[in-house]
*Asks:* 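Can you keep this structure in mind? I'll have questions shortly.
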Amino acid sequence: MKKTILISAIALCFSVVSANATTLNRNFTDYSKETVVQVSPFCVSIAKGDMETVKKLISLGEDVNKKSNGMTPLMYAAKYNRTDILKFLIAKGAKLKVKSDKGMTAKKYAELSNAKEALVILEEALS
């Protein structure tokens, strides 16, 4: 008798739990996030070391201090050790103490990239 009552009580509990249970239908495929990082053609030409394109874009009115992907053209030149472009940008009025979106200057990018020649040029320009 005790077993019957116990089994009946357990069965009743399962039926109550099953009756009150709800199913959550969530479709996670509806959510998407797309991050697009776009670097300006001016900064791409600096990173590649294409001095002719850099000169042409500046002559067409490209701003030597305009950030692209959070960095100025001077920072790209320092990071990739493009010394001739670095000198040219400084001559065209590139600001040396501007910080990137990450809080670093062109000098810091040169240090982190181990761009020794660029670092020397920047230190001379800052003094």
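In this chain, numbering begins with 1 at the start of the sequence shown.
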*Asks:* Do any N or O atoms from the side chain of Ser45 and from the backbone of Phe42 form a donor-acceptor pair under 3.5 angstrom?
*Replies:*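 Confirmed, Ser45 side chain pairs with Phe42 backbone.
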*Asks:* Distance from Lys56 atom NZ to Ile58 atom CD1, nearest 0.5 Å?
*Replies:*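 Those atoms lie 13.5 Å apart.
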*Asks:* For Ile85 versus Ala77, what's the shortest heavy-atom pair and its separation?
*Replies:*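 Taking Ile85 first and Ala77 second, the nearest heavy atoms are CG2-CB, 4.3 Å.
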*Asks:* Using the rule given for side-chain contact (heavy atoms from CB on, under 4.5 Å), can you reason through Glu52 versus Asp50, listing the C-alpha separation, both sets of side-chain angles and the distance that settles it, and then say yes or no?
*Replies:* CA-CA 6 Å; Glu52 291 178 28; Asp50 188 357; 3.9 Å; yes
*Asks:* Leu96, Val120: one ILVMFWY side-chain cluster at the under-4.5 Å cut-off?
*Replies:*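 Different clusters.
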*Asks:* Which pair of non-hydrogen atoms, one from Thr72 and one from Asn65, has the smallest distance, and what is that distance?
*Replies:*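 Where Thr72 meets Asn65 most closely, the heavy atoms are CG2-O, 3.9 Å.
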*Asks:* If every non-hydrogen atom of Leu86 is compared with every non-hydrogen atom of Ala78, which pair is closest and at what distance?
*Replies:*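 Nearest pair, atom of Leu86 first, then Ala78: CD1-N, 4.0 Å.
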*Asks:* Within the side chain of Tyr76, is there an N or O that forms a donor-acceptor pair under 3.5 Å with the backbone of Ser68?
*Replies:*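 Yes, Tyr76 side chain to Ser68 backbone: donor-acceptor pair under 3.5 Å.
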*Asks:* Side-chain contact test, heavy atoms from C-beta onward, threshold under 4.5 Å: evaluate it for Ile46 versus Leu74 and give yes or no.
*Replies:*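 No; the side chains remain at least 4.5 Å from each other.
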*Asks:* How many angstroms lie between atom CG of Asp63 and atom CG of Leu57, to the nearest 0.5 angstrom?
*Replies:*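 Output value for this atom pair is 12.5 Å.
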*Asks:* So, does Ser100 use its side chain to make a donor-acceptor pair with the main chain of Lys102 at under 3.5 Å?
*Replies:*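 A pair under 3.5 Å: yes.
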*Asks:* State, to 0.1 Å, how close Ile90 and Ala125 come at their nearest heavy-atom pair, and which atoms those are.
*Replies:*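 Nearest heavy atoms, Ile90 then Ala125: CD1-CB, 4.0 Å.
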*Asks:* Is there a donor-acceptor pair under 3.5 Å between the side chain of Asn81 and the backbone N or O of Ala118?
*Replies:*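 Judged by distance alone, yes, a pair lies under 3.5 Å.
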*Asks:* Rounded to the nearest 0.5 Å, what separates atom OH in Tyr109 from atom CE in Met75?
*Replies:*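 If I round to the nearest 0.5 Å, the distance is 6.0 Å.
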*Asks:* What heavy-atom pair brings Lys97 and Thr105 nearest, and what distance separates the two atoms?
*Replies:*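 Nearest heavy atoms, Lys97 then Thr105: O-CG2, 4.1 Å.
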*Asks:* Would you name the heavy atoms of Lys107 and Leu119 that are closest together and state the gap between them?
*Replies:*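 Closest pair (atom of Lys107, atom of Leu119, distance): CG-CD1, 3.6 Å.
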*Asks:* Roughly how far apart are Lys48 NZ and Thr53 OG1, rounded to 0.5 Å?
*Replies:*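 Lys48 atom NZ to Thr53 atom OG1 measures 9.0 Å (nearest 0.5 Å).
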*Asks:* Which residue pairs satisfy the salt bridge (charged side-chain N to carboxylate O under 4.0 Å, His left out) criterion with at least one member in residues 67-88, sequence neighbours excluded?
*Replies:*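 Checked against salt bridge (charged side-chain N to carboxylate O under 4.0 Å, His left out) - neighbours excluded - the pairs reaching residues 67-88 are Lys67-Asp101.
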